[in-house]
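Here is how names work: the chains are called A, B, and so on, in the same order as the sequence lines, proteins then strands, and each is numbered from 1.
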Protein chains: 4
Amino acid sequence: MTFEFSGPEPLYAQLADELQRRIEAGVYPVGQRIPSEAEIREEFGVGRTTTRAAVEILRGKGRVVTAKGRGTYVIAPSPAE
Amino acid sequence: MTFEFSGPEPLYAQLADELQRRIEAGVYPVGQRIPSEAEIREEFGVGRTTTRAAVEILRGKGRVVTAKGRGTYVIAPSPAE
Amino acid sequence: MTFEFSGPEPLYAQLADELQRRIEAGVYPVGQRIPSEAEIREEFGVGRTTTRAAVEILRGKGRVVTAKGRGTYVIAPSPAE
Amino acid sequence: MTFEFSGPEPLYAQLADELQRRIEAGVYPVGQRIPSEAEIREEFGVGRTTTRAAVEILRGKGRVVTAKGRGTYVIAPSPAE
DNA sequence: GTGGTCTAGACCACC
DNA sequence: GTGGTCTAGACCACT
């Protein structure tokens with residue numbers, strides 16, 4: 001993996017950016033699940049709070065929806081507007 | 001079928017509500033069997049645990065009784081008094 | 001799939017033979033899970049009793065071990081003897 | 001560690017037995033915290049549900065009390081009398 | 001970073 | 001072929 005944290009931006013924001021980049025790139029395809037919180041934590045070496053804050057940003061942007069007990073899924077940017 | 005899961009309420013609770021609605025509406029008549037857990041799973045697209053949790057709620061409310069190997073039956077609100 | 005039931009041998013015995021063939025052929029590798037009862041039922045179009053009887057034969061032959069809630073796994077023929 | 005799961009007893013029951021054995025042996029001393037659920041999962045290689053079911057048994061037996069966000073603690077067999 | 005809740009799906013006992 | 005039990009693992013609330 002080539003991603004590295006850097007600069008003054010908060011970790012959770014950098015992480016959110018990286019996750020969104022992967023969504024745009026199709027690494028996490030629309031309709032599919034993104035890695036679980038535990039997997040994200042392991043891959044990026046971050047804590048749970050950071051992970052959740054990053055995912056929360058994507059949720060706020062409408063890029064993912066989260067289903068308790070099942071996972072967080074990528075959705076289309078703005079289906080009908 | 002017009003039912004859809006939505007909102008933050010757990011799936012099993014929404015499913016229990018829907019099943020109860022059908023009992024009140026007579027879709028599942030008193031004295032009759034409600035669909036098997038396998039049929040509920042298929043119709044609503046949920047897992048076994050969710051199905052059982054929903055039926056368990058109706059059991060707790062005294063709206064159904066379940067007989068191992070035979071099925072789950074609708075009973076009257078105040079059975080015998 | 002090319003498998004077909006035929007002849008006077010009981011279904012569950014034919015099914016056990018086919019499953020064992022697949023184990024020998026490495027279709028179900030040692031240490032891996034064989035298909036679930038539901039998957040076997042669907043693929044071969046048989047009932048649960050037939051499925052369970054077939055798997056029970058493999059268990060008796062020591063070709064698989066079954067772990068409740070997790071699945072049935074292929075084990076080595078006779079590790080130490 | 002020498003502990004191994006074996007036999008037909010459910011994993012969670014075997015795990016509860018092992019944990020209780022360690023409490024009796026003083027490995028987990030009275031008044032101290034037992035390993036977190038994550039640590040138990042890692043050591044015994046089981047899932048979250050199995051871990052929680054095992055600890056729940058000890059809770060039911062009154063051998064431990066659990067404090068949300070802090071951990072699970074060993075208490076004396078007859079706490080205060 | 002802990003325990004809490006919820007979901008999916010495996011095999012089992014019984015009718 | 002029904003409901004019963006057990007296991008794994010997801011996200012959540014809180015310390």
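- Under 4.0 angstrom from either OP1 or OP2 of dT2(E) there lies at least one side-chain N or O belonging to S36(D).
- Look at dT7(E): its Watson-Crick or wobble partner, with both distances under 3.5 angstrom, is dA8(F).
- Between the CD atom of E42(B) and the C1' atom of dT2(F) there is a distance of 16 Å, given to the nearest Å.
- With a 6.0 Å radius and a threshold of 12 heavy atoms from other residues, nucleotides or ligands, E39(B) has its CD atom above the threshold.
- Between E56(A) and R52(A) no salt bridge is recorded (no basic side-chain N to carboxylate O distance below 4.0 Å).
- G47(B) comes within 4.0 angstrom of sugar-phosphate atoms only, judged by non-hydrogen atoms across all strands, and of no base.
- When both pairing distances are held under 3.5 Å, dC14(F) makes a Watson-Crick or G-U pair with dG1(E).
- Nearest to the side chain of L11(B), among dA8(F), dA8(E), dC12(F), sits dA8(E).
- Along DNA chain E, the nucleotide closest to R41(A) and the one closest to T72(C) are compared, and the more 5′ of them pairs with R41(A).
- For T50(B), the listed nucleotide lying nearest its side chain is dA8(E); candidates were dA8(E), dG4(E), dC6(F).
- Taking for each of R70(A) and K68(B) the nucleotide of DNA chain E with the nearest heavy atom, the 5'-most of the two is the partner of R70(A).
- Salt-bridge annotation for E24(D) and R63(D): present, with a side-chain N of the basic residue lying under 4.0 Å from a carboxylate O of the acidic one.
- dA13(F) atom P lies 10 Å from atom CD of E56(A), rounded to whole Å.
- Atom pair F5(D):CZ and dC6(F):C1' shows a separation of 13 Å (rounding to whole Å applied).
- At a threshold of 4.5 Å between side-chain heavy atoms, the hydrophobic network of Ile, Leu, Val, Met, Phe, Trp and Tyr places I34(D) and V27(D) in one connected group.
- Q14(C) places a side-chain N or O within 3.5 Å of a backbone atom of E9(C) that can act as its donor or acceptor partner.
- Nearest to the side chain of T66(C), among dC11(E), dG4(E), dC12(F), sits dC11(E).
- Look at R52(D) and you won't find any side-chain N or O under 4.0 angstrom from OP1 or OP2 of dG3(E).
- Within the 4.0 angstrom heavy-atom criterion, base atoms lie near R48(A).
- Nucleic acid contact class of T49(B) (heavy atoms, under 4.0 Å, all strands): base.
- In this structure, V55(C) reaches neither bases nor backbone, as no heavy-atom distance under 4.0 Å exists between it and the strands shown.
- Computed from coordinates, the E9(B) CD to dT7(E) C1' distance equals 15 Å when rounded to whole Å.
- Atoms CD1 (I40(D)) and C1' (dG3(E)) sit 11 Å apart, rounded to a whole Å.
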